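Chain naming here is simple, since letters A, B, ... match the order of the sequence lines and numbering starts at 1 in each. Nothing here was measured: the structure is a model prediction, and the numbers come from that model.
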Protein chains: 2
Amino acid sequence: MSNMKYSRQRKAIIDFLATRTDHPTADIVYINMRKEFPKISLGTVYRNLSLLVEIGEAIKVPCNDEAEHFDGCTLKHYHFQCNRCGAVLDLHISDMDSLQDLNKIANADFDGNIEGNSIFFYGKCRNCVKELEKKSKVKNEDQKI
Amino acid sequence: MSNMKYSRQRKAIIDFLATRTDHPTADIVYINMRKEFPKISLGTVYRNLSLLVEIGEAIKVPCNDEAEHFDGCTLKHYHFQCNRCGAVLDLHISDMDSLQDLNKIANADFDGNIEGNSIFFYGKCRNCVKELEKKSKVKNEDQKI
DNA sequence: CTTCTTGCAAATAGTTTGCATATAG
DNA sequence: CTATATGCAAACTATTTGCAAGAAG
């Protein structure tokens with residue numbers, strides 16, 4: 001990994017991920033890169049994203065979507081996906097203590113070695129909660145996302 | 001969903017899922033169905049699997065694999081994936097109390113509505129732990145999975 | 001110069017779908 | 001009979017890869 005050369009495309013992808021909190025898919029990254037590099041290819045985007053994951057500058061967010069989501073923030077945190085609009089959001093839990101022993105608890109009944117876990121929350125995001133409130137008040141209005 | 005007709009293929013898929021604890025992918029189901037129905041198509045397998053998921057007779061196991069894994073056991077339990085051999089196993093946690101308040105804890109700092117979570121554990125399964133022990137004793141032996 | 005990176009296009013893996021035929025009710 | 005299910009093949013989506021040309025060190 002030390003044999004990595006600088007590339008403007010990679011730099012742009014890193015910068016882009018840093019500005020986003022919504023964990024874009026490779027395709028979203030691609031679309032945005034094309035503004036600056038009209039001829040960039042999806043292959044380049046994928047190659048760089050997995051390279052960044054390999055060297056720890058990004059993580060793949062495990063969520064139950066068809067497509068992989070990428071996160072430029074590698075600090076430990078949890079993720080949430082809205083099952084109405086599909087947005088993937090960060091979740092910062094202040095009371096982490098409750099989660100500390102999760103692996104230990106799970107290992108108690110498991111014949112093997114548990115090394116980690118990934119927790120994924122789902123529900124309705126703030127916007128969708130609002131939308132739904134509106135809809136229940138004005139029932140004859142069409143659904144707008 | 002009440003307009004569902006009986007089919008021998010669907011029955012066989014349900015029975016097959018019930019006998020397996022390792023959460024097969026659609027492809028594995030397909031391969032096994034071909035023993036009884038040599039001309040069954042992957043399309044039929046996929047159609048039935050998603051139908052079963054819809055009516056709650058099976059669940060999609062959320063794991064970070066390329067392919068979807070299906071589980072015939074719809075009772076609440078957790079999953080584990082071995083990051084050496086890729087096996088997906090069930091995890092039965094007896095001390096569930098610790099997990100009860102997870103949504104509540106997460107919701108405390110979240111602007112929206114958390115409805116559920118999925119926890120996925122990873123590490124080394126029993127077999128791989130054994131294999132690795134063997135390897136560290138007999139270092140000149142090749143890796144056998 | 002040598003190695004890494006890119007753009008392009010073709011390949012791949014998993015899954016879905018249109019359609020004519022077969023089967024259940 | 002009528003509606004649902006099947007087999008088959010083609011379509012589709014996300015991702016990966018081979019290769020010749022371009023940029024970095």
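One atom, CD of Glu68(A), and another, C1' of dT16(D), lie 13 Å apart when rounded to the nearest Å. The interatomic distance linking Tyr30(A) (OH) with dT13(D) (P) rounds to 15 Å, in whole Å. Here the P atom of nucleotide dT6(C) and the CD atom of Glu36(A) are 13 Å apart, to the nearest Å. Nucleotide dG7(C) holds its P atom 8 Å from the CZ atom of Phe37(A), rounded to whole Å. When rounded to the nearest whole Å, the span between CG of Leu51(B) and C1' of dA3(D) equals 14 Å. Here the P atom of nucleotide dT15(C) and the CD1 atom of Ile28(B) are 12 Å apart, to the nearest Å. For Met33(A) and dT5(C), the CE to P distance is 17 Å, given to the nearest whole Å. dT16(D) atom C1' lies 14 Å from atom CD of Glu54(A), rounded to whole Å.
Side-chain contact between Ile114(A) and Leu91(B) is present, with at least one heavy-atom pair separated by less than 4.5 Å. A 4.5 Å side-chain heavy-atom check between Thr44(B) and Arg47(B) finds at least one atom pair inside the cut-off. Ile14(B) has its side chain out of reach of Asn48(B): every pair of non-hydrogen atoms, C-beta onward, lies at least 4.5 Å apart.
For Arg8(B), the CZ atom counts as loosely surrounded, since its 6.0 Å shell holds 12 or fewer non-hydrogen atoms of other residues, nucleotides or ligands. By the 6.0 Å contact criterion, CZ on Arg126(B) is open, its count of non-hydrogen atoms from other residues, nucleotides or ligands being 12 or less.
Of the listed nucleotides (dT6(C), dT15(D), dC8(C)), dT6(C) has the atom at the smallest distance from the side chain of Asn48(A).
Within residues 8-18 of chain B, no residue has a heavy atom under 4.0 Å from DNA chain C.
Across all non-hydrogen atoms, the minimal contact from Leu89(B) to Cys125(B) is CD1-CB, 4.0 Å. The minimum heavy-atom distance linking Ser41(B) with Tyr30(B) is given by the pair C-CE1, 3.8 Å.
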Between the protein and nucleotides 17-22 of chain C, list the N/O to N/O atom pairs that are separated by less than 3.5 angstrom.
from, atom 1, to, atom 2, distance (Å)
dG18(C), O6, Arg47(B), NH1, 3.3

Table of protein N/O atoms under 3.5 Å from nucleotides 20-23 of chain D N/O atoms:
none

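Mapping Ser7(A) and Ile40(B) onto DNA chain D via the closest heavy atom, the residue that lands nearer the 5' end is Ile40(B).
The hydrophobic clustering, which links ILVMFWY residues whose side-chain heavy atoms are closer than 4.5 Å, places Tyr6(A) and Leu17(A) apart. Both Ile55(A) and Phe16(A) are part of a single hydrophobic cluster, where members link through side-chain heavy atoms under 4.5 Å apart.
Although no hydrogens or angles enter the test, the distance criterion places a donor-acceptor pair under 3.5 Å between the side chain of Arg10(B) and the main chain of Lys5(B). His79(A) places no side-chain N or O within donor-acceptor distance of the main-chain N or O of Asp90(A), the cut-off being under 3.5 Å.
In this pair, Phe80(A) and Phe110(B) present their aromatic rings tilted. The plane angle is within the 30 to 60° band.
The side chain of Lys39(B) places an N or O atom within less than 4.0 Å of a non-bridging phosphate oxygen (OP1 or OP2) of dC8(D). At the phosphate of dA3(D), neither OP1 nor OP2 sits under 4.0 Å from any side-chain N or O atom of Asn3(B).
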